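These numbers come from a predicted model, not from an experiment. So you know, we letter chains A, B, ... as the sequences are listed, proteins then strands, and number each from 1. As a basis for the values below, the full set of heavy atoms in this structure was taken, side chains included, without hydrogen atoms, waters or symmetry mates.
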There are 2 protein chains.
Amino acid sequence: MVVKTKETGRTQETCTKALLPVRDALDILSGKWKLPIIIALSFGHKRFGELRNNVHGITDKMLSKELRDLEMNELVKRTVHDSVPVVVEYSLTPYGDTLEDLIGELQNWGTLHRKRILKKQK
Amino acid sequence: MVVKTKETGRTQETCTKALLPVRDALDILSGKWKLPIIIALSFGHKRFGELRNNVHGITDKMLSKELRDLEMNELVKRTVHDSVPVVVEYSLTPYGDTLEDLIGELQNWGTLHRKRILKKQK
DNA sequence: CGGTATCCCTGAGGATACTG
DNA sequence: CAGTATCCTCAGGGATACCG
């Protein structure tokens, strides 16, 4: 016999369904560096060294690897200008731009949360 | 001598500043399970077993640990009803509720992204 | 300048069993 | 029902050095 809780099966099902897309999103956005890199690029196209400077603490290896991942998922575009010395620029693709609203909310909440923890530490 | 790029120092600085709150937010939201758990709870208060059912794939240990973390960060409230057998309910705190907009955008983008990858696999 | 190549290690997370 | 206790794996990530 199935045990029924106060919650309807309908609601449970809705919740389960809602979590599927979230899982998909987190699969390609999660990790320590992906969102910071994307946000840095949301300020405009940048070169490897600029990104390294903006995203504090990241190593060359991680930056290189994360950029490759993001490129594979078509969120970031890599452009090589064959000048001497070589110049490589990274930018968001149109698909990467669709993250704009999500990024905005992340920044909003992050700002709210940062105020909260800074206040607590006093 | 400092090499100047097209980008102004001003923009670089703005970018760096913007990343600080994001780092703070990610510090307590990142990981495989935190956001899925929070989203499950955004549908209403739930018991341990309900959460285990909703958040597919999570183990008892991880669920227990993540709930403790979220409680410590005041995003989730744990309520013990001293009935027999014991009933424990988890819900979002008012502070947890402030994640609503962020969660909405995560769901929006996740849905968009899910459509995209499902289409590709055909 | 824009990366690779190695080596290394911690800790996030999983499997299974057990408990008040 | 709502968790703990153990044990274990592995991959995310760091440090350092090197390269075209």
Side-chain angles (χ1 to χ4, degrees), chain A residues 1-7 12 19 23 26-38 40-41 45-73 76-91, chain B residues 1-7 12 19 23 26-38 40-41 45-73 76-91:
Chain A
M1 174 193 167
V2 177
V3 178
K4 279 283 183 186
T5 66
K6 293 184 288 295
E7 190 165 62
Q12 298 263 19
L19 286 175
R23 184 81 281 149
L26 291 179
D27 279 344
I28 73 163
L29 295 178
S30 75
K32 192 170 176 180
W33 302 113
K34 298 226 173 64
L35 281 165
I37 291 172
I38 292 171
L41 289 178
H45 61 90
K46 286 186 200 300
R47 296 165 62 177
F48 192 88
E50 290 177 305
L51 279 170
R52 179 171 38 205
N53 291 336
N54 289 159
V55 183
H56 296 297
I58 197 167
T59 60
D60 287 356
K61 175 187 145 187
M62 286 311 297
L63 181 53
S64 169
K65 184 215 154 209
E66 299 291 67
L67 283 169
R68 240 179 290 130
D69 288 352
L70 294 171
E71 204 189 342
M72 276 184 36
N73 285 306
V76 163
K77 185 168 117 217
R78 180 177 188 268
T79 311
V80 182
H81 303 273
D82 53 348
S83 48
V84 180
V86 63
V87 167
V88 182
E89 271 183 353
Y90 293 92
S91 56
Chain B
M1 174 192 167
V2 176
V3 177
K4 278 285 181 183
T5 65
K6 291 183 289 294
E7 189 165 64
Q12 298 264 20
L19 286 176
R23 184 79 281 149
L26 291 179
D27 279 344
I28 72 163
L29 295 178
S30 76
K32 191 170 176 181
W33 302 113
K34 297 226 173 62
L35 280 165
I37 290 171
I38 291 171
L41 289 178
H45 60 89
K46 286 188 201 299
R47 296 164 61 176
F48 192 89
E50 290 177 305
L51 279 170
R52 177 172 40 205
N53 291 336
N54 289 159
V55 183
H56 295 297
I58 197 168
T59 60
D60 286 356
K61 175 186 146 188
M62 286 311 296
L63 181 51
S64 169
K65 185 216 154 210
E66 299 292 66
L67 283 170
R68 238 178 293 131
D69 288 353
L70 294 172
E71 206 190 341
M72 277 184 36
N73 285 305
V76 163
K77 184 169 117 221
R78 181 177 186 267
T79 311
V80 182
H81 303 273
D82 52 349
S83 49
V84 182
V86 62
V87 167
V88 182
E89 272 184 353
Y90 293 91
S91 56

Visitor: In this structure, how many angstroms lie between the P atom of dG13(D) and the CD1 atom of I37(A), rounded?
Guide: 10 Å

Visitor: For H56(A) and dG13(D), give me the distance from atom NE2 to atom C1', rounded to whole Å.
Guide: 19 Å

Visitor: For R23(B), give me all partners under side chain to side chain donor-acceptor pair (under 3.5 Å), at least two apart in sequence or on another chain.
Guide: none

Visitor: Give the rounded distance in Å between these two atoms: CG of L26(B) and P of dG12(D).
Guide: 17 Å

Visitor: Between the two end axes of the helix from dC1(C)-dG20(D) to dG20(C)-dC1(D), each built from 5 base pairs, what angle do you get to the nearest 10°?
Guide: 60°

Visitor: Can you measure K32(A) atom NZ to dG11(C) atom P for me and round it to whole angstrom units?
Guide: 11 Å

Visitor: CZ of F48(A) versus C1' of dG20(D): gap in Å, rounded?
Guide: 15 Å

Visitor: OP1 or OP2 of dG2(C) sitting under 4.0 Å from any side-chain N/O of R52(A)?
Guide: no

Visitor: Under the rule for side chain to side chain contact (heavy atoms under 4.5 Å, CB included), what residues qualify as partners of D60(A), not counting sequence neighbours?
Guide: F48(A), R52(A)

Visitor: With K61(B), which residues qualify under salt bridge (Lys or Arg N to Asp or Glu O under 4.0 Å), at least two apart?
Guide: none

Visitor: What is the distance from CZ of R78(A) to C1' of dC1(C), rounded to the nearest Å?
Guide: 12 Å

Visitor: Taking only N and O in the side chain of R47(B), is any of them less than 4.0 Å away from OP1 or OP2 of dC1(D)?
Guide: no

Visitor: Test of understanding: with side chain to side chain contact (heavy atoms under 4.5 Å, CB included), list the residues that count as partners of N53(A), not counting sequence neighbours.
Guide: none

Visitor: For DNA chain C, which residues of residues 59-69 of chain A approach it to below 4.0 angstrom with any heavy atom?
Guide: D60(A), K61(A), S64(A), R68(A)

Visitor: Sequence neighbours excluded, which residues qualify as side chain to side chain donor-acceptor pair (under 3.5 Å) partners of S91(A)?
Guide: none

Visitor: Give the rounded distance in Å between these two atoms: CG of D27(B) and P of dA12(C).
Guide: 12 Å

Visitor: What's the verdict on side chain to side chain contact (heavy atoms under 4.5 Å, CB included) for V55(A) and L63(A), showing C-alpha distance, side-chain angles and the deciding distance?
Guide: CA-CA 9 Å; V55(A) 183; L63(A) 181 53; 5.7 Å; no

Visitor: Just to verify, what does T79(A) make a side chain to side chain donor-acceptor pair (under 3.5 Å) with, not counting sequence neighbours?
Guide: none

Visitor: Quick check: closest heavy atoms across E89(B) and R47(B), and the distance to 0.1 Å?
Guide: CG-CG, 3.8 Å

Visitor: What's the CG-P distance between L51(B) and dA2(D), to the nearest Å?
Guide: 10 Å

Visitor: For V88(A), check side chain to side chain contact (heavy atoms under 4.5 Å, CB included) against everything at least two apart and list the hits.
Guide: R78(A), V80(A), V86(A), Y90(A)

Visitor: Would you tell me if any nitrogen or oxygen in the side chain of Y90(B) comes within less than 4.0 Å of OP1 or OP2 on dG3(D)?
Guide: yes

